[in-house]
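Note on naming: letters A, B, ... go to the chains in the order of the sequence lines (proteins, then strands), and numbering restarts at 1 for each one.
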Number of protein chains: 2
Amino acid sequence: MTAQKAQKEQEAQKQTSPSGRFLEHPDRADIRLEGVLHALSDPMRLQIVRDLAAVEGELNCSVFDLPVSKSTTTHHFRVLRENGVVQQIYRGTAKMNALRRDDLEALFPGLLGSVLTAASLQASRLSAAP
Amino acid sequence: MTAQKAQKEQEAQKQTSPSGRFLEHPDRADIRLEGVLHALSDPMRLQIVRDLAAVEGELNCSVFDLPVSKSTTTHHFRVLRENGVVQQIYRGTAKMNALRRDDLEALFPGLLGSVLTAASLQASRLSAAP
DNA sequence: CTCGTAGTTTGACATCCCTCGTACTACGAG
DNA sequence: CTCGTAGTACGAGGGATGTCAAACTACGAG
């Protein structure tokens, strides 16, 4: 499922779901470059974004094998969402995550790609040097 | 003067200058993507980088008209230098600053460009909507 | 030598950020 | 209905960050 479909699904949930499990997302126009850069400047969050980019779809929180507690994981996903980097939506007990590729590309063309490339290069560089 | 020339000049100073006014810079291999993103995620520092990029050369600290005190300005330049974004060198009483374009381009191709483009786009976007 | 200019250092302060544990809620399976 | 799973909320602690003012250092001009 694409991020756009997920967004529409969330819109639908806002009107039909009785339980109020909604997640606030910034509008595209409210996403700030400084916020995005800050969100990406944490190693844990950068790893999350790389994983999300790798699968081209959406992932639930628990597939990420992060070396931190559950609360900390929640915190990092919240930062990514509040800064407009990811789209989150509840599906049953799971919370699915997807990159907001289109929004980011429209606002900051090429930025996500070069950050992902840079992260890959750095990862190779660091693992190659013992 | 280019950043490379400035670096050589600093190497020379390390051996000849009696006063010990040197500034530590990370080697290219020690520059980390997370650090660069963090350095760029502050509005003040992003503005500095944009100004440096605009002139294609080097600028001393005082040409930046930042709405903060002198100590805070020193602090921001230090963060940029310690994270490998700028090259600094003393020339008389002035401290000249230049982007480390080549190092950044080698490590993270396209990153600096897309960040600068994104910053320009955002600036237009924000100033256009009153 | 003396002075002004440019920038640093130090210390302080408020705030934010990453992390955690514990208690809690929402949902699906049975 | 009951239970297990997935994730949230709520502090709280410890460290980093952005900001400032005041005292200081280094250099060039005169």
Side-chain angles (χ1 to χ4, degrees), chain A residues 9-10 13-14 16-25 32 34-49 58-83 85-97, chain B residues 9-10 13-14 16-25 32 34-48 58-83 85-98:
Chain A
E9 181 172 343
Q10 189 184 32
Q13 282 195 9
K14 269 193 190 170
T16 62
S17 172
S19 65
R21 285 234 284 177
F22 308 125
L23 295 163
E24 287 304 315
H25 290 74
R32 292 286 170 273
E34 298 90 326
V36 172
L37 293 176
H38 168 248
L40 297 176
S41 72
D42 181 274
M44 215 71 71
R45 293 193 290 261
L46 186 55
Q47 186 57 54
I48 292 173
V49 169
E58 60 182 5
L59 295 174
N60 67 35
C61 287
S62 52
V63 308
F64 299 91
D65 192 23
L66 303 174
V68 293
S69 72
K70 268 198 307 181
S71 352
T72 304
T73 302
T74 296
H75 161 72
H76 285 308
F77 275 103
R78 182 209 297 258
V79 172
L80 288 170
R81 170 170 49 84
E82 290 180 343
N83 286 291
V85 180
V86 305
Q87 169 81 226
Q88 297 186 294
I89 187 172
Y90 286 107
R91 195 185 312 292
T93 66
K95 186 164 72 171
M96 307 307 287
N97 301 272
Chain B
E9 181 172 344
Q10 189 183 30
Q13 281 195 7
K14 269 193 189 172
T16 62
S17 172
S19 65
R21 286 233 286 176
F22 308 128
L23 295 163
E24 288 304 316
H25 289 75
R32 292 286 170 275
E34 298 89 327
V36 172
L37 294 176
H38 168 249
L40 298 176
S41 72
D42 181 274
M44 215 71 71
R45 294 194 289 262
L46 186 54
Q47 185 58 53
I48 292 173
E58 59 183 5
L59 295 174
N60 66 35
C61 286
S62 52
V63 307
F64 299 92
D65 193 24
L66 302 175
V68 293
S69 72
K70 269 198 305 181
S71 356
T72 304
T73 302
T74 297
H75 161 71
H76 285 307
F77 275 103
R78 182 210 297 258
V79 172
L80 287 170
R81 170 171 48 85
E82 290 181 342
N83 285 292
V85 180
V86 305
Q87 169 81 227
Q88 297 187 293
I89 186 171
Y90 286 106
R91 193 184 315 289
T93 67
K95 186 163 74 171
M96 307 307 288
N97 301 271

Residue [X], side-chain heavy atoms: nucleotide from [options] that is nearest:
X       : options               : result
B/Thr93 : C/dG7, C/dC18, D/dC27 : D/dC27
B/Thr72 : C/dC20, C/dT9, D/dT19 : D/dT19
A/Thr74 : D/dG18, C/dA6, D/dG7  : D/dG7

[N], OP1 or OP2 - any side-chain N/O from [X] closer than 4.0 Å?
X       : N      : answer
B/His75 : C/dT9  : no
B/Ser69 : D/dC20 : yes
A/Arg78 : D/dA9  : yes
A/Arg45 : C/dC18 : yes

Whole-Å gap separating [atom2] ([N]) and [atom1] ([X]):
X       : N      : atom1 : atom2 : value
A/His76 : C/dC17 : NE2   : P     : 12 Å
A/Asp42 : C/dC18 : CG    : P     : 5 Å
B/Leu80 : D/dG18 : CG    : P     : 10 Å
A/Ile89 : C/dC27 : CD1   : P     : 13 Å
B/Leu23 : D/dA26 : CG    : P     : 13 Å
B/His38 : D/dG18 : NE2   : C1'   : 10 Å
A/Arg91 : C/dC27 : CZ    : C1'   : 14 Å

### Message
Check whether B/Asn83 reaches the backbone of B/Val85 with its side chain - one donor and one acceptor, N or O, closer than 3.5 Å.
### Response
no
- With a 3.5 Å cut-off and just heavy-atom distances, do the side chain of B/Ser71 and the base of D/dA21 make a donor-acceptor pair? yes
Pairs under 3.5 Å (Watson-Crick or G-U), crossing ones as [ ], inter-strand ones as |: DNA chain D comes out as ||||||||||||||||||||||||||||||
